[in-house]
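Any value given below was found using the heavy atoms of this structure, including those in side chains, with hydrogens, waters and symmetry copies removed. The chains referred to below are lettered A, B, ... by the order of the sequence lines, with proteins before strands, and numbering in each begins at 1.
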Amino acid sequence: MHPLYLFNTLTRKKEEFSPLEPGKVGMYTCGPTVYQYATIGNMRSYVFADILRRVLEYNGYSVKMVMNITDVGHLVSDADEGEDKMLVAVGREKKTPWEIAKFYTDAFMRDTARLNILRPSVVCYATEHIEEMLEMVVDLVEKGYGYETSDGIYFDISKFPSYGQLSGIKLEEQLAGARVEQNPEKRHPADFALWKKAPKEHIMQWPSPWGMGYPGWHIECSAMSRKYLGDQFDIHTGGVDHIPTHHENEIAQSQCVTGKIPARFWMHGEFLLVDGGKMSKSLGNTYTLDDLIARGFEPLAFRYFCFSAHYRSHLNFTWSALESAQKGLRSLRAAVQKAAREGEKPGAEEKVEAFRQAFLEAINDDLNMPRAVSVLWEAAKADLGRGLADLAGDFERVFALDLLTGPAADDRPLDISELPQEVVEILEERKLARQAKDWAKADLLREKLREMGYQVKDLKDGYEVTRIPR
RNA sequence: GGCGAGAUAGCCAAGCGGUAAGGCAGGGGUCUGCAAAACCCCGAUCCCCGGUUCGAGUCCGGGUCUCGCCUCCA
């Protein structure tokens, strides 16, 4: 057996994982804010969370995975100059915030499904948990951690001395280059809103002890993780950008209510870069899964691409890198699917077991997917016969790349009946040309077929045709 | 200004003290009328300078460069 090691942001080192309750794992994943299409950068993050969940399950744990959908919040911008994304969406699409949220939630679910990301055990919506959030806010205020200003209820950071434990940031040092504080009523610049009072025109608002309003941006995760996973659970995941503010605030709120840091392990996925630089919604250099599909790539090629770097490393997205992933995935499938048609290979069992161990060691070493993938590649070249297909089937519980069923490099030859009449005619014409040794004409016709999307392979007598991938 | 990550073959990248995984691209070969596909073979001493060690991409110190976060963002 290989124990499972996971990197914990809280302690900054790899720790051997063991759950609070034997055999069971509770994990919470910070989900999307649904006001526009998710980017492939977002998707990398959810692929990471999915891998974590699958590796836990591969290790025999029963996993309860909870993910939030932020369908409220930040409707009115905090910064005077910042634009209000949800309002922009409302204006742009002539829909209500609820319709916008529904639309992009559906889009998100579709994208994750296309990436073979398993649906979390619980998907919870912020708007359906306003009560739970208010309970926490009230509790915090009663305990003296919150205070009221003219525009909302704020968390008093000075009452929580351990603030910053996750990111290692000292508040005093943060102030120098930080954004100019806009709200003079706050006692400390880093104090954050628990609840905001809503102006009349604000679309989404709910009653509270302080009048109509809406929740702050961090309270939903504290409230919902507590509701579904309890005061303390095993793992909390998110993107690295969540470390300094969102997760610090979440810990502060939760710990002040329950006395416990909500999760024991905090895990964060690094950013996806584009052409060596930052991808961000505000820079506009983002791609969606649909953009990749429009260029002819499979969604799963992106999933495979995500495996090329460790989750705590930057991964640089370029079209040629994706191209390389697409090709690699297809030929890996070709090897696996070919093996599935073969018989048992005497003596392969031992090797198969060794590869299985190497795989387990890789994934249990803080989810080292690049290494896990290379294990399968080595297995693919080890002459295992059917054993390779069995092995791949086992690894698929984590990879989920449709290795046994997805389109492969050596796609099966097409039958005449599957081809358009025009193509058949050209094929026959070319066959005659070849018999007549009219190579120039044969080559010309082959090129013509290629342009139509078909690859001809000449056999001793006759030919086979395959569809050119993409 | 503060915090952090990283620099490994053309590209994407593993490696965590014992003489550099894997993929893509490229080159050579078998096969083919030529191709395609498949299969076989081929490539780096690891940003620079010191140090520790029998031995260092791998640890320590100092540089140089790149990137991220500190502001909604995975």
Side-chain angles (χ1 to χ4, degrees), chain A residues 12 14 29-33 35-36 38-49 70 73-74 77-79 81-86 164 167-180 217 237-246 268-273 276-283 286 304-305 307-310 312-318 320-329 331-332 334-335 338 358 362 368-378 380-381 409-411 434 437-440 442-443 446-447 450 455-460 463-464 466 468:
Chain A
R12 287 162 192 263
K14 282 187 206 171
T29 295
C30 277
T33 302
Y35 64 89
Q36 61 178 16
T39 67
I40 54 175
N42 298 316
M43 286 304 148
R44 182 190 185 197
S45 210
Y46 298 110
V47 167
F48 148 62
T70 302
H74 207 54
S77 175
D78 186 32
E81 294 165 279
E83 59 178 333
D84 177 338
K85 298 288 169 49
M86 187 65 105
S167 52
I169 286 170
K170 294 196 178 92
L171 288 173
E172 317 79 66
E173 295 171 357
Q174 271 308 99
L175 303 181
R179 172 165 70 84
V180 179
W217 317 293
T237 76
V240 284
D241 56 312
H242 283 154
I243 299 172
T245 306
H246 182 56
H268 297 92
E270 249 303 345
F271 275 116
L272 182 73
L273 303 180
K278 173 185 178 172
M279 159 187 271
S280 93
K281 291 176 182 178
S282 46
L283 288 180
T286 61
Y304 182 80
F305 169 72
F307 299 166
S308 66
H310 184 87
R312 280 189 291 118
S313 299
H314 289 295
L315 174 58
N316 188 22
F317 177 86
T318 61
S320 80
L322 185 63
E323 179 78 42
S324 148
Q326 176 74 79
K327 284 184 182 169
L329 174 60
S331 56
L332 191 53
K338 180 166 169 256
N368 194 327
M369 296 307 286
R371 235 166 80 199
V373 170
S374 86
V375 168
L376 186 55
W377 271 106
E378 288 188 6
K381 290 182 292 192
D410 72 341
D411 240 345
R434 290 191 73 232
K437 299 204 188 299
D438 185 350
W439 308 125
D443 290 350
R446 179 169 60 203
E447 191 47 40
R450 170 177 280 286
Q455 174 70 50
V456 197
K457 298 181 189 180
D458 291 322
L459 306 175
K460 315 100 229 155
Y463 53 79
E464 346 180 290
T466 54
I468 295 171

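Among the nucleotides B:G23, B:A14, B:C73, the one closest to the side chain of A:W377 is B:G23. The side chain of A:N42 has B:A74 as its nearest neighbour among B:A74, B:A21, B:A37. Closest to the A:L273 side chain, of the nucleotides B:G68, B:C12, B:A14, is B:G68. Distances from the side chain of A:R450 to the nucleotides B:C72, B:A14, B:A36 place B:A36 closest. When distances run from any side-chain atom of A:K278 to the nucleotides B:A74, B:A36, B:G68, the shortest one goes to B:G68.
Below the 3.5 angstrom threshold, one finds a donor paired with an acceptor across the side chain of A:D458 and the base of B:C34. One N or O donor and one acceptor, one from the side chain of A:R446 and one from the base of B:A35, sit under 3.5 Å apart. Between the side chain of A:R434 and the base of B:G33, a donor-acceptor pair under 3.5 Å is found. No hydrogens or angles were tested; on distance alone, a donor-acceptor pair under 3.5 Å links the side chain of A:D443 to the base of B:G33.
Separating the P atom of B:G22 from that of B:G43 is a span of 12 Å, rounded to the nearest Å. Between the C1' atoms of B:G15 and B:A56, the separation comes to 13 Å (whole Å). To the nearest whole angstrom, the two P atoms, one in B:G33 and one in B:C47, are 49 Å apart. Comparing B:U58 with B:A20, their C1' atoms are spaced 11 Å from each other, to the whole Å. Here, B:U19 and B:C24 have their C1' atoms 27 Å apart, quoted to the whole Å. If you take atom P in B:G29 and the same atom in B:A14, they sit 34 Å apart, rounded to whole Å. Atom P of B:C59 sits at a distance of 11 Å from the matching atom of B:A7, rounded to the whole Å. When the C1' atom is used for both B:A44 and B:G62, the distance is 27 Å, rounded to whole Å.
Shown here for A:G31 and A:Y46, the closest heavy-atom pair between the two residues is C-OH, 3.0 Å. What you find for A:L329 and A:Y304 is that their closest heavy atoms are N-CE2, 3.9 Å. A:A309 and A:P370 make their closest contact through C-CG, 3.5 Å (heavy atoms, listed as atom of the first residue, atom of the second, distance).
Distances shown here put a side-chain N or O of A:N368 below 4.0 Å from the OP1 or OP2 atom of B:G15. Under 4.0 angstrom from either OP1 or OP2 of B:A14 there lies at least one side-chain N or O belonging to A:S313. Taking 4.0 angstrom as the limit, A:S331 places a side-chain polar atom (N or O) nearer than this to OP1 or OP2 of B:C24. OP1 or OP2 of B:G23 has at least one side-chain nitrogen or oxygen of A:K381 nearer than 4.0 Å.
When both distances must be under 3.5 Å, the Watson-Crick or G-U wobble mate of B:A25 does not exist. Remark: B:C69 base-pairs with B:G2; criterion is Watson-Crick or G-U wobble with both hydrogen-bond distances under 3.5 Å. Across all strands shown, B:A56 remains unpaired; no Watson-Crick or G-U wobble contact has both distances below 3.5 Å. Across every strand in view, B:C47 sits in a pair with B:G63 that passes the Watson-Crick or G-U test at under 3.5 angstrom. For B:A38, the paired base is B:U30 (Watson-Crick or G-U wobble, both distances below 3.5 Å).
Atom CZ in A:R312 sits 9.5 Å away from atom CZ in A:F48 (nearest 0.5 Å).
In this structure a side-chain-to-backbone donor-acceptor pair under 3.5 Å is missing from A:S324 to A:S320.
Protein atom NE2 of A:H314 is 12 Å distant from nucleotide atom C1' of B:A7, rounded to whole Å. A straight line from NE2 of A:H310 to C1' of B:A5 spans 13 Å, rounded to a whole angstrom. Protein atom NZ of A:K327 is 16 Å distant from nucleotide atom P of B:C12, rounded to whole Å. Separating the CE atom of A:M279 from the P atom of B:G68 is a distance of 13 Å, rounded to the nearest angstrom. When the P atom of B:G23 is taken as reference, atom CG of A:L315 falls 18 Å away, rounded to whole Å. Rounded to whole angstrom, the span from the OH atom of A:Y46 across to the P atom of B:C73 amounts to 10 Å. Summarising the geometry, the separation between CD on A:Q326 and C1' on B:A25 is reported as 16 Å, rounded to the nearest angstrom. Rounded to an integer number of Å, the gap from CZ of A:F271 to P of B:U66 is 21 Å.
Residues A:E270 and A:H310 are not in side-chain contact: their nearest non-hydrogen atoms beyond the backbone lie 4.5 Å or more apart.
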Stepwise side-chain contact (heavy atoms from CB on, under 4.5 Å) check, A:T70 with A:W217: CA-CA 9 Å; A:T70 302; A:W217 317 293; over 6 Å; no
Pair A:S374-A:F307, side-chain contact (heavy atoms from CB on, under 4.5 Å): steps then yes or no: CA-CA 10 Å; A:S374 86; A:F307 299 166; over 6 Å; no
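Each of A:P244 and A:Y304 has a nearest nucleotide on RNA chain B; the 5'-most of these lies closest to A:Y304. Where A:K14 and A:G328 each meet RNA chain B at their nearest nucleotide, the meeting point lying more 5' is that of A:K14.
Residue contacts shown for A:G41 include a base, since a base heavy atom lies under 4.0 Å away. Among the heavy atoms of the strands lying under 4.0 Å from A:H242 are primed sugar atoms or P, OP1, OP2 only; no base atom is included. Nucleic acid contact class of A:V456 (heavy atoms, under 4.0 Å, all strands): base.
Remark: ring of A:W439 stacked against base of B:G33; centroid gap under 5.5 Å, plane tilt under 30°.
For the 3.5 Å distance criterion, the side chains of A:T39 and A:N42 qualify, holding a donor opposite an acceptor.
B:G57: glycosidic angle within 90° of 0, hence syn.
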